[in-house]
Amino acid sequence: MITQRVDENIYEVPADMKLIKVEDKILNFNMKVPARIYANEYLMERISKDKSIDQITNVACLPGIRKHVIAMSDAHQGYGFCIGGVAATDIEGGAISPGGVGYDINCGVRLLKTGLEYSEVSAQLPELTEGLFHNIPSGLGSKGKLHITPTDLNQVLDEGINWAIEKGFGYDKDREFCEDHGFTQGADSSLVSKRAKDRGIRQLGSLGSGNHFIEIQRVEEIFDDRAAKIMGIQKNQVTMMIHTGSRAMGHQVCTDSLQEIDHLMHRNGIIAPDRELGYAISGTKEADRYLAQMRAAANFAWTNRHIIMHWARETFQSVLGLEPSQMELIYGLAHNILKQEEHDLGNGMRGMVNVHRKGATRAFPPGHPDVPDKYKEIGQPVLIPGSMGTSSYLCVGQEKAMDLSFASTAHGGGREMSRSKAKRQFWGKTIKQELGKQGIVVRAASLKILAEEAPLAYKNIDEVVGVSHNLGIIKKVAKLIPIGVTKG
DNA sequence: ATGTGC
C-alpha cells in the first residue's frame, strides 16, 4: 500500500482494494475511506514498524465506515485495531467492533490539583508515595479493600459514580468534572456475564498493573496562561494523576463479546479483514448487547477511578493534613470507549456515528455542549500522560479536532518496544535508580514492571503531543513532571 | 490491558 505525506503532520493511505489472505483463500476487501496517520517523521518511522497501518486500512474496509480512519501520533499495534486508533461508523448499518474499544474498557485518566507548592510537599514525598501504594491496592490480580454485595455491583454497573457518591466517596461536585459525569447511560448489568461479575466484584477500588499508575506531579511549565488560570493551575503547583480502567471486569466483557461476535459472524458467513476485527452491525440486537455490556464496564471503570481518587485524597490528608475538598478534580476522562456522537461526515453531511476511540482521547472544542461550563470558553480538558519518568500534558480540545479526528487526540506515550523486549533491554533496579537521580520517588509492586515500563520503551511524549498541538486538534496548557510514582 | 488457558 502507498502511504503519502499530504501535510507536515498528516500521512495518508488512499482508499484502495486490499487483498487479504484469510485462512487459505485470498479475498478482496475494499477500503471505503482513506486511512490517515497523524505524525511527524520521528513518529511515522516508529508507527511504520508494526502492524498499525495495516490495521487501520483493515478498519477502513468495515461496513458503514465514514470519512477516514485515523492512527494518532502515539499509535502502536493492538488486538485487531491499533491503540491510538479512531474510527466512526454509521449508526444504522455500520460496524461496531469490540476490538475498536479494547480489552480495558473505559481505561482513562483523572487529574487533581492540590493547591500546594512543590516546596510544601517535597520533604514528605517518600511518605506520600508509600501511602498511596498502601492505601490503593495495586498489582496484577489486586483486590479492592471494599466488600460490596452483588446488588451494589449491579448498581455500580448501571449508575457509575452515582453509586459511589451516595456511599460517601468523593463529592457531588466531582460529577461536573468527569466526562459523561462519571455515568455512561445505556448500561445493562443484567447482560454482564456471571464470570465478569465474579472477577470484578473484588477489584473495585484497585489500580491493576501494566501502564496503570498514580503519580504525584509538579507543574513544570505553563503554555497557556488563560486556560491555566481557569483550571486553577500554576507553575510549581503539585497535581496528582490517576490512570486505570475496568480491571478484569472490562477484560471479561471484551472476551465474552468477541466470542459471541465471532460466532455470529461465522453463522452469518461474514468474514472480516482480520479475525481479530470481528464486528456486529449497529442497530442489531447483537450490537446493542455489546454496547450495553461495554457501558456497564465503563461505569465500573468510572467508579474504580472515583474510589481510588477518594483514597488518594485521604492519603494526602493523613500525610500533609490537606483537607480532601481542597484537592479539586480538574477533569476525568476515558480513552478506550465507543460513543455515539454527532459529527460532520464530509461532503456537507452531518449525522450520528459510532466513534470508536481505542487509546484515543475525546477532545471537544470550546463551546461544545459536552464541555463543562467552567471550561466552555477554553475547550474540554485533555490529559495525556507520558511514561513513568517523563512529562504528562494537560491540554484542551480545539476546533480542528471536529474536522480532522472526530474530536479525538492521542492518549499517551504509546509503546515503542514490546514488554518482552523492554524486559530484555532494561533492568528494573537500574531504572529505579535512574529515576531517583531525577528526583522521582518510585514505589512499584515489582521490579519487573519497572523494566517493562522503562521510559525508553515508549515514544517521546513531547513529539506525540506536539503533533496534535501543531495540527490544531488540541492546545497545550501545562507540562507536568512526575515526582512520586506508584505502579502496580 | 488480563487470575498472560481453547
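The chains referred to below are lettered A, B, ... by the order of the sequence lines, with proteins before strands, and numbering in each begins at 1. As the structure is a prediction and not an experimental result, all values here were calculated from the model.
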Which part of the nucleic acid, if any, lies within contact of [X], taking any heavy atom under 4.0 Å across all strands shown: a base, the sugar-phosphate backbone alone, or nothing?
| X | result |
| --- | --- |
| A:Thr255 | nothing |
| A:Arg199 | base |
| A:Gly245 | nothing |
| A:Arg419 | sugar-phosphate |
| A:Gln203 | sugar-phosphate |

Original post:
A:His356: what forms a ring pair (Phe, Tyr, Trp, His ring centres under 6.0 Å) with it, not counting sequence neighbours?
Top reply: none
Subject >> Geometric cation-pi criterion A:Lys145 and A:Trp311, 6.0 Å radius, 45° cone >> reply: yes
Below 4.0 angstrom, N of the basic side chain to O of the carboxylate: do [X] and [Y] qualify?
| X | Y | answer |
| --- | --- | --- |
| A:Arg267 | A:Asp262 | no |
| A:Lys487 | A:Glu452 | no |
| A:Lys339 | A:Glu179 | yes |

Under 3.5 Å, which protein N or O atoms sit close to an N or O of nucleotides 4-6 of chain B? Give each pair with its distance.
none

Original post:
Per the side chain to side chain contact (heavy atoms under 4.5 Å, CB included) rule, which among A:Leu153, A:Ile307, A:Leu157 passes with A:Trp163?
Top reply: A:Ile307
